[in-house]
There are 2 protein chains.
Amino acid sequence: MSDDEQRGRGASSVHRVGGLLGDLQAADDQPVAPRRRADAERNRAQILAAAEQLFVEQDPRTVTMDRIAKAAGVGRATLYRSFPDPSSVAVALLDEHERRLQGQLIYGPPPLGPGAPAGERLAAFYLAMLDLLERHLPLALGAETGPARFRTGAYGFWRVHVRTLLVDHGIRDPDPLIDIALSPLSPELFQFQRHELGLSTERIGRSLADFARQLLRSGE
Amino acid sequence: MSDDEQRGRGASSVHRVGGLLGDLQAADDQPVAPRRRADAERNRAQILAAAEQLFVEQDPRTVTMDRIAKAAGVGRATLYRSFPDPSSVAVALLDEHERRLQGQLIYGPPPLGPGAPAGERLAAFYLAMLDLLERHLPLALGAETGPARFRTGAYGFWRVHVRTLLVDHGIRDPDPLIDIALSPLSPELFQFQRHELGLSTERIGRSLADFARQLLRSGE
DNA sequence: GAGCTAAGTGGACACCTTGTCCGTTTGCTG
DNA sequence: CAGCAAACGGACAAGGTGTCCACTTAGCTC
């Protein structure tokens with residue numbers, strides 16, 4: 001989906017090298033995905049495992065490619081082969097956790113899934129995201145490298161979801177509002193509220209839910 | 001005000017040392033402010049001027065202490081004497097621009113200043129901040145180094161202001177909502193909406209103003 | 001206005017991170 | 001089991017970070 005996705009993961013999209021062959025032997029043996037070699041797969045798993053630990057036990061912002069490589073027991077170049085920078089490793093790890101929620105938003109029961117009023121769905125979405133942040137804050141902070149955050153596949157997914165809710169509610173010009181509605185979910189903001197201000201997750205959650213219902217109020 | 005303020009600026013608030021003395025020799029020879037030397041003042045001005053240019057003409061995130069020092073024509077240690085890192089330089093520069101708005105919020109005419117309904121005041125505040133972002137985006141991006149953003153004096157000011165509006169409107173539990181209400185003003189978000197999505201500032205502004213009125217609606 | 005003192009200066013140093021290059025190893029295929 | 005390309009990992013050069021210390025110089029005192 002995103003760039004990070006293409007670079008960072010790739011369990012399924014390994015056919016990028018195919019392009020090099022040109023038209024000469026185009027559609028013949030091309031589509032046969034050049035499977036990832038076993039050692040590469042193993043290294044990749046080691047990297048992800050080691051990185052997850054690192055992100056948790058030290059300031060996620062200070063995790064470096066060098067350290068990940070050492071912790072995973074692989075060379076630097078090997079690491080670079082799979083990921084362009086530390087944040088893309090965090091993105092890959094987060095992705096797995098986010099995937100479940102993404103399924104629930106589409107196929108799950110209301111209020112998270114379809115069927116409930118837009119305001120209720122937005123409130124439920126906020127609470128689910130808050131739960132995700134609570135459980136994986138280090139990864140979320142590690143993934144958040146400036147503007148790149150907005151270009152991840154996951155963020156794109158949240159955008160599509162929120163847009164649906166806004167349109168469903170009959171908002172005139174939904175597009176500028178999408179990211180405004182998503183902005184309270186910034187990992188850094190959550191960290192500030194939670195650990196700097198000392199607010200409980202429940203209290204933040206209540207505020208967010210009220211906020212969602214107020215934003216998409218039935219009697220507009 | 002903030003840490004950055006104490007380190008970064010100080011032209012006006014030089015009486016901070018006074019507090020250290022306690023009651024012993026209080027008002028005697030202490031209050032004599034340890035004036036900044038003329039050459040230091042000059043260097044400081046050079047640094048700010050050079051840095052402002054740098055932030056504008058290259059990616060604000062890639063501005064380095066080394067480059068600022070070279071551009072300003074001073075040694076690295078001299079720079080470090082005034083600022084701990086590049087973002088604190090950006091904060092100092094931004095501060096000057098923000099000060100005017102801060103005055104208007106307190107003493108200015110409605111709807112920015114006191115006198116208008118909370119929803120209108122919040123809408124006006126959003127628009128003013130948007131204007132600030134539009135004009136000084138590079139500085140805002142340079143200042144935004146992770147969680148430090150929330151610890152600047154300016155952010156503290158915005159918090160106090162928004163809290164007043166929320167209380168004024170009769171919100172039950174205003175505190176968690178403060179930062180939620182401020183989150184749409186994140187410089188990175190603005191950059192994404194403006195330059196990645198291509199939304200016009202007017203369109204974002206309209207959305208934000210509607211958003212403010214909806215949030216603090218009269219007929220709650 | 002000469003001398004003193006400490007604030008201020010700037011170059012150098014040691015350390016760390018980044019990407020990339022390239023000789024070597026290793027899995028897979030026929 | 002032989003050959004080839006994918007994958008590996010150590011090494012390298014470039015550049016950034018803070019800090020230290022010998023020096024300069026502003027500003028006070030007499």
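Below, chains carry the letters A, B, ... as their sequence lines are ordered, and counting in each starts from 1. What you see is a predicted model; the values in this text were computed from it and never measured.
Of the charged side-chain nitrogens involved, none lies within less than 4.0 Å of a carboxylate oxygen, so that R149(B) and E188(A) do not count as a salt-bridged pair.
Atom-to-atom, OH of Y80(B) to P of dC21(D) comes out at 18 Å; the value is rounded to the nearest Å. Taking atom CZ of R81(B) as the reference point, atom P of dG11(C) lies 16 Å away to the nearest angstrom. In this structure, CZ of F83(A) is placed 17 Å from P of dT20(C), rounded to the nearest angstrom. With rounding to whole Å, E41(A) atom CD is found 15 Å from dC28(C) atom C1'. Taking atom CE of residue M65(A) and atom P of nucleotide dG9(D), one finds them 14 Å apart after rounding to whole Å. Note: CG (L79(A)) to P (dA7(D)) measures 15 Å, nearest angstrom. Rounded to whole Å, atom P of dG11(C) lies 9 Å from atom NZ of K70(B). For I68(A) and dG19(C), the CD1 to C1' distance is 15 Å, given to the nearest whole Å.
Where D66(A) and A77(B) meet DNA chain C, the nucleotide closest to each residue was compared, and A77(B) sits on the side nearer the 5' end.
Residues R163(A) and W158(A) are not in side-chain contact: their nearest non-hydrogen atoms beyond the backbone lie 4.5 Å or more apart.
When the side-chain nitrogen and oxygen atoms of T64(B) are compared with OP1 and OP2 of dG16(D), none of them lie within a distance under 4.0 Å. In this model, the phosphate group of dA7(D) is not approached by any side-chain N or O of N43(A) to a distance below 4.0 Å at OP1 or OP2.
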Test log, rule side chain to side chain donor-acceptor pair (under 3.5 Å), inputs T64(A) and D66(A): CA-CA 5 Å; T64(A) 160; D66(A) 199 60; 5.7 Å; no

Test side chain to side chain donor-acceptor pair (under 3.5 Å) applied to D179(B) and Y155(B), step by step: CA-CA 10 Å; D179(B) 304 285; Y155(B) 190 79; 2.7 Å; yes

N/O-N/O pairs, protein side and nucleotides 12-14 of chain D side, under 3.5 Å:
none

Please write out the pairs of protein N or O atoms and N or O atoms of nucleotides 14-16 of chain C separated by less than 3.5 Å, giving the distance to one decimal.
none

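The six-membered or imidazole ring of F211(B) lies near that of F211(A), with a centre-to-centre distance under 6.0 Å.
Contacts of R42(A) classified as side chain to side chain donor-acceptor pair (under 3.5 Å), with partners at least two apart in sequence or in another chain: none.
One distance of note links CD of Q191(A) with CZ of F150(B); it measures 9.0 Å at 0.5 Å rounding. Atom CZ of R206(A) is separated from atom CG of L177(B) by 13.0 Å, given to the nearest 0.5 angstrom.
Picking from dT19(D), dA7(C), dG27(C) the nucleotide with the shortest atom distance to the side chain of R42(A) gives dG27(C).
Summarising the local packing, CD of Q53(A) is surrounded by 12 or fewer heavy atoms from other residues, nucleotides or ligands at distances under 6.0 Å.
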